[in-house]
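Chain letters run A, B, ... following the sequence lines, proteins first, then strands; residues in each count from 1. Values below: all heavy atoms of this structure, side chains included; hydrogens, waters and symmetry mates excluded.
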Number of protein chains: 2
Amino acid sequence: MGWPVDGRHHRTRQRRAVLELLAETDEFISARQVHARLRERGSSIGLTTVYRTVQALADAGEVDTVRVDGGEQRFRRCREERHHHHLICRHCARTVEVTGPGVEAWARQIAQVHGYSEVNHTLELFGTCTECRQSG
Amino acid sequence: MGWPVDGRHHRTRQRRAVLELLAETDEFISARQVHARLRERGSSIGLTTVYRTVQALADAGEVDTVRVDGGEQRFRRCREERHHHHLICRHCARTVEVTGPGVEAWARQIAQVHGYSEVNHTLELFGTCTECRQSG
DNA sequence: ATGGGTGCAAATAATTTGCAGGTAA
DNA sequence: TTACCTGCAAATTATTTGCACCCAT
């Protein structure tokens, strides 16, 4: 919950590194990418630790996640506090956070009509960004 | 494309079996589940063939797919011709097809504002259905 | 001290691919 | 015939876990 600062968790070099990398990265990246980028810049860290760290951050709601085609999970630190969605470039993964005005209310209503409770939803937009369209 | 009836593809016992099972199944099921259910009812079929068949159907747009938490992919034959979304029970996978009136237009507009082209979106609702709430 | 953290190697899990036959058209 | 199809075994890919050791508190 209170991760990454909460009494029972240690502030280690590895976790700081992952957090820093995510803080300066604007696209959704996979655990393996986090691992690779950290190694490139000389930071010694194990892939296992990266997996554990990003997963913990996701569980704590500190980062958003999406599943891409191959079933791979990708992570991104959220800027918005409030609930929001993402517009993601399918080529470079450049991401914009957007909010869906009617969506939340619509979802609640639809769920109620069909007798479903405790609803939540996933909504992601995929497209080709300006730069990728030009270079593609 | 024109799958499952299109000149260059054979109508085999295995494909018919997968198609039939999907036709009578109302929840999203995984390739492994398709395989298991077919075997239960005595139909001999290889897991590989199931994977290839459901994937082909998905590519052809004959079935919808969602990714569940573990990254596993699940398939379901769509009833609706038009574009639609799903309200899925997170316990039993019972599914209802729903349409999001404003969502499509909203998505197009958001994408345009940010300069993204060729947009599509994924939108799924997850909740607990009436029956599962009572028995749970 | 000591309980959480780390990372290697091995285990899982989902899905794909190589290849030697089968079979629909 | 002749593509296309099937299925086993082996390979891939993403992610998790066992475990001995390390370190932040």
Side-chain angles (χ1 to χ4, degrees), chain A residues 1-22 28-40 42-60 62-76 93, chain B residues 1-22 28-40 42-60 62-76 93:
Chain A
M1 302 300 151
W3 219 79
V5 239
D6 96 353
R8 21 179 177 289
H9 290 92
H10 295 175
R11 263 66 69 65
T12 64
R13 168 177 58 76
Q14 291 90 331
R15 289 185 181 177
R16 257 193 303 272
V18 170
L19 239 8
E20 267 171 38
L21 180 65
L22 286 175
F28 276 87
I29 56 179
S30 66
R32 305 191 86 96
Q33 285 177 299
V34 169
H35 181 242
R37 294 190 190 182
L38 286 178
R39 294 223 141 170
E40 275 172 23
S43 176
S44 148
I45 186 173
L47 179 55
T48 303
T49 300
V50 173
Y51 267 107
R52 283 194 276 236
T53 304
V54 292
Q55 198 50 255
L57 286 168
D59 290 346
E62 293 288 319
V63 300
D64 289 331
T65 77
V66 287
R67 290 258 174 206
V68 298
D69 270 11
E72 186 192 58
Q73 193 169 196
R74 298 206 179 176
F75 309 82
R76 179 173 188 269
Chain B
M1 306 298 154
W3 219 79
V5 240
D6 94 351
R8 13 177 183 291
H9 291 93
H10 295 176
R11 264 65 69 62
T12 65
R13 169 177 58 79
Q14 292 89 332
R15 288 185 182 175
R16 257 193 303 270
V18 170
L19 236 11
E20 266 172 39
L21 181 65
L22 287 175
F28 275 88
I29 58 179
S30 66
R32 304 190 88 95
Q33 285 177 299
V34 169
H35 181 242
R37 294 189 190 184
L38 287 179
R39 293 221 141 174
E40 275 173 23
S43 178
S44 148
I45 186 174
L47 181 54
T48 303
T49 300
V50 172
Y51 267 108
R52 284 194 276 235
T53 305
V54 291
Q55 198 49 254
L57 285 168
D59 290 346
E62 293 289 319
V63 300
D64 291 332
T65 77
V66 289
R67 289 259 174 206
V68 298
D69 270 11
E72 186 193 55
Q73 193 169 195
R74 299 207 179 174
F75 309 81
R76 178 173 189 268

*Between dT16(D) and Tyr51(A), is there an OP1 or OP2 to side-chain N/O distance shorter than 4.0 Å?*
no
*Ignoring hydrogens and geometry, is there a side-chain-to-backbone donor-acceptor pair from Arg13(B) to Ser44(B) under 3.5 Å?*
yes
*Does any non-hydrogen side-chain atom of Arg74(B) lie less than 4.5 Å from one of Arg67(B)?*
no
*Can you tell me how far P of dT13(D) sits from CD of Gln73(B), to the nearest Å?*
18 Å
*Intra- and interstrand pairs of DNA chain C - dot-bracket, Watson-Crick/G-U under 3.5 Å, | marks other strand*: |||||||||||||||||||||||||
*Between protein and nucleotides 2-10 of chain C, map the contacts as a letter string: B base, S sugar-phosphate only, - none, heavy atoms under 4.0 Å, written 5' to 3'.*
-BSSBBBB-
*Nearest whole angstrom, please: distance from the P of dT15(D) to the CZ of Phe75(A).*
7 Å
_Pairwise distance OH(Tyr51(B)) to CD(Gln73(B)) - rounded to 0.5 angstrom_ = 9.5 Å
*Within this structure, what is the CZ-to-P distance between Arg32(A) and dA14(D), rounded to whole angstrom?*
6 Å
*Which pair of heavy atoms, one from Gln14(B) and one from Thr49(B), lies closest together, and at what distance?*
CB-CG2, 4.0 Å
*To the nearest 0.5 Å, what is the distance between OG (Ser30(B)) and CD (Glu72(B))?*
4.0 Å
*How close or far is atom C1' of dA14(D) from atom CG of Asp69(A), stated in whole angstroms?*
15 Å
*Nearest whole angstrom, please: distance from the C1' of dA14(D) to the CZ of Arg74(A).*
12 Å
*Short question: side chain of Glu20(B), backbone of Ala17(B) - any donor-acceptor pair under 3.5 Å?*
no
*Specify the separation, in whole Å, of atom CD1 of Ile29(B) and atom C1' of dA14(C).*
16 Å
_Nearest-0.5 Å distance that lies between atom CG in Leu21(A) and atom CD in Glu40(A)_ = 9.5 Å
*Figure out the CD/P separation between Gln33(A) and dT13(D), and round it to whole Å.*
15 Å
*Output yes when a side-chain donor or acceptor of Arg39(A) lies under 3.5 Å from a complementary backbone atom of Ile45(A), and no otherwise.*
yes
_Any side-chain to backbone donor/acceptor pair from Arg32(B) onto Leu47(B)? Under 3.5 Å, distance only._
no
